There are 2 protein chains.
Amino acid sequence: MAQASPSIALDAFDLAILNILQRDNSTPQRVIGEAVNLSAPAVQRRIRRMEEARVIQANVAVVDPAQVGQPITIFVEVEVISETAELIDAAKREFASVPEVQQCYYVTGEADFVMVIVVPTMTAYEALTRRLFFGNNNVKRFRTFVAMDRVKVGLAVPLSD
Amino acid sequence: MAQASPSIALDAFDLAILNILQRDNSTPQRVIGEAVNLSAPAVQRRIRRMEEARVIQANVAVVDPAQVGQPITIFVEVEVISETAELIDAAKREFASVPEVQQCYYVTGEADFVMVIVVPTMTAYEALTRRLFFGNNNVKRFRTFVAMDRVKVGLAVPLSD
DNA sequence: TACCGAATGCAAGAATATTTCGCGTGAAGA
DNA sequence: TCTTCACGCGAAATATTCTTGCATTCGGTA
């Protein structure tokens, strides 16, 4: 796999390859090569280089939550009481360690954390809030937004190409 | 690739396979087979079945935004004026069509939409708000949360296994 | 008991990925 | 200007992985 991670320079070829891979990374290198006007080995070298530099952070399958018994997606804003570095780091570690917390960001503004949570039932969510928020002395309050429609979901980054 | 999408039953083997693919879909089927106690062809048939049923919605590379010149991630809550079906659908289509909008959910609660936006600069974000929010008569107000730290990012669904 | 459908493992064949090698290009220095 | 060197390329050979056909096994059912 990949290890090192010094920033590297990317040219138009690399961006074009990334644009394909972030939509479908099962695309054969030969096909990618035809699309960007490079040979398959050239494509493969560039991909490996970007994986080693962690430009490509992972290669993953996207699973439909509804079809695996986790039909509820919830947005939560969390406001903490104290923003000392220690307490914030502790909160980051705790939130990140919870499988139901699919995404978590530490943010500026009226809230301190925003997160995306995936659960099977509202009961499960209620239990999670009890453990994660009510059970944390540093959580001042939190606001819940239940998703009715996943209008757009993905991790694709807009690339200039 | 995949086409149909009737819901299908998943057993413990399928969930175990999904759990591996969610983390690294470049794992050889032979290795997956060893991990879940199945032969490689059995694994492959199950994967194909789940792709056809859209349990696996996509296979994608995850790109580091910072390394491709898009270092700013922003959370936005949007509140609309009118919630008629037509206007909501129009908003969904518009938001979904914008490349900078990485994720968008239609939600209950104090806001109507929440979204994740990826941009290269705050100037670019300001221009986007002008076009997307100030330029939309149905947007009552929006609140911005700038991410200081991407504590946890991914699309992995918690699987019971 | 006998049958039938579904899923499996094995093994062969096809497709894909990876390595190797030699060539051309462009930059730095004599 | 010439030489050298580093870099990235493509073509071909090699290795790995994926895919398919087939016989078998395991349950459920008449």
Side-chain angles (χ1 to χ4, degrees), chain A residues 1-64 67-69 159-161, chain B residues 1-64 67-69 159-161:
Chain A
M1 264 269 126
Q3 274 300 342
S5 67
S7 279
I8 60 173
L10 304 177
D11 61 16
F13 285 119
D14 294 311
L15 293 180
I17 292 170
L18 287 178
N19 238 341
I20 294 172
L21 292 182
Q22 69 176 349
R23 296 206 293 116
D24 181 5
N25 72 358
S26 68
T27 310
Q29 295 171 348
R30 177 181 48 81
V31 175
I32 298 174
E34 289 164 6
V36 304
N37 274 350
L38 279 175
S39 70
V43 171
Q44 130 89 333
R45 282 187 287 260
R46 286 168 178 269
I47 291 174
R48 191 151 59 99
R49 180 166 150 268
M50 292 192 284
E51 283 177 344
E52 285 168 359
R54 294 285 186 198
V55 174
I56 296 174
Q57 299 184 311
N59 287 285
V60 303
V62 180
V63 175
D64 180 357
Q67 291 209 54
V68 292
L159 296 180
S160 325
D161 37 312
Chain B
M1 263 269 122
Q3 274 298 343
S5 66
S7 278
I8 60 172
L10 304 178
D11 61 17
F13 284 120
D14 294 311
L15 294 180
I17 293 170
L18 286 178
N19 239 341
I20 293 172
L21 293 181
Q22 273 197 136
R23 297 207 299 115
D24 182 4
N25 72 358
S26 67
T27 310
Q29 296 169 349
R30 176 181 49 80
V31 175
I32 298 174
E34 289 164 7
V36 305
N37 274 351
L38 279 175
S39 69
V43 171
Q44 129 87 339
R45 283 186 283 259
R46 285 167 178 271
I47 292 174
R48 190 154 55 99
R49 179 164 150 272
M50 292 192 284
E51 283 177 343
E52 285 169 358
R54 293 288 186 196
V55 174
I56 296 174
Q57 298 184 312
N59 288 285
V60 303
V62 180
V63 175
D64 181 358
Q67 291 210 54
V68 292
L159 296 180
S160 324
D161 37 313

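This is a predicted model, so every value here is computed, not measured. Computed from heavy atoms alone, side chains included, the values below leave out hydrogens, waters and symmetry copies. Chain naming here is simple, since letters A, B, ... match the order of the sequence lines and numbering starts at 1 in each.
When all heavy atoms are compared, the tightest approach of A/D11 to A/R46 is OD1-NH1, 2.9 Å. In terms of heavy-atom proximity, B/V68 sits nearest to A/L18 at CG1-CD1, 3.7 Å. Among all heavy-atom pairs drawn from B/R54 and A/D64, the shortest one is O-CB, 3.6 Å. Closest non-hydrogen pair, B/F13 versus B/V36, comes out as CE2-O, 3.2 Å. Of all non-hydrogen atoms in B/V63 and A/Q22, the two that sit nearest each other are CG2-OE1, 3.8 Å.
Nucleotide C/dA6 holds its P atom 17 Å from the CG atom of B/L10, rounded to whole Å. To the nearest angstrom, P of C/dA7 lies 13 Å from CE of B/M50.
Side chain of B/Q67 to backbone of A/A53: a donor-acceptor contact under 3.5 angstrom is found. The backbone N or O of A/V60 lies less than 3.5 Å from a partner atom in the side chain of B/N25, making a donor-acceptor pair.
To the nearest 0.5 angstrom, B/L159 atom CG is 4.5 Å from B/N19 atom CG. Once rounded to the nearest 0.5 Å, the distance linking CD1 of A/I17 with CD1 of A/I56 reads 8.5 Å. To the nearest 0.5 Å, atom CD1 of residue A/I20 and atom OG1 of residue A/T27 are 6.5 Å apart.
For DNA chain D, the residues of residues 37-45 of chain B within the heavy-atom distance limit of 4.0 Å (strictly under) are B/P41, B/Q44, B/R45, sorted by number. Listed by residue number, A/P28, A/Q29, A/R30 are the residues of residues 28-36 of chain A with a heavy-atom contact under 4.0 Å to DNA chain C.
On the nucleic acid side, DNA chain D has its first and last nucleotide under 4.0 Å of a heavy atom of chain A at D/dC9 to D/dA12, going 5' to 3'.
Backbone-only engagement by A/R46 is indicated by non-hydrogen atom pairs under 4.0 Å involving sugar-phosphate atoms exclusively.
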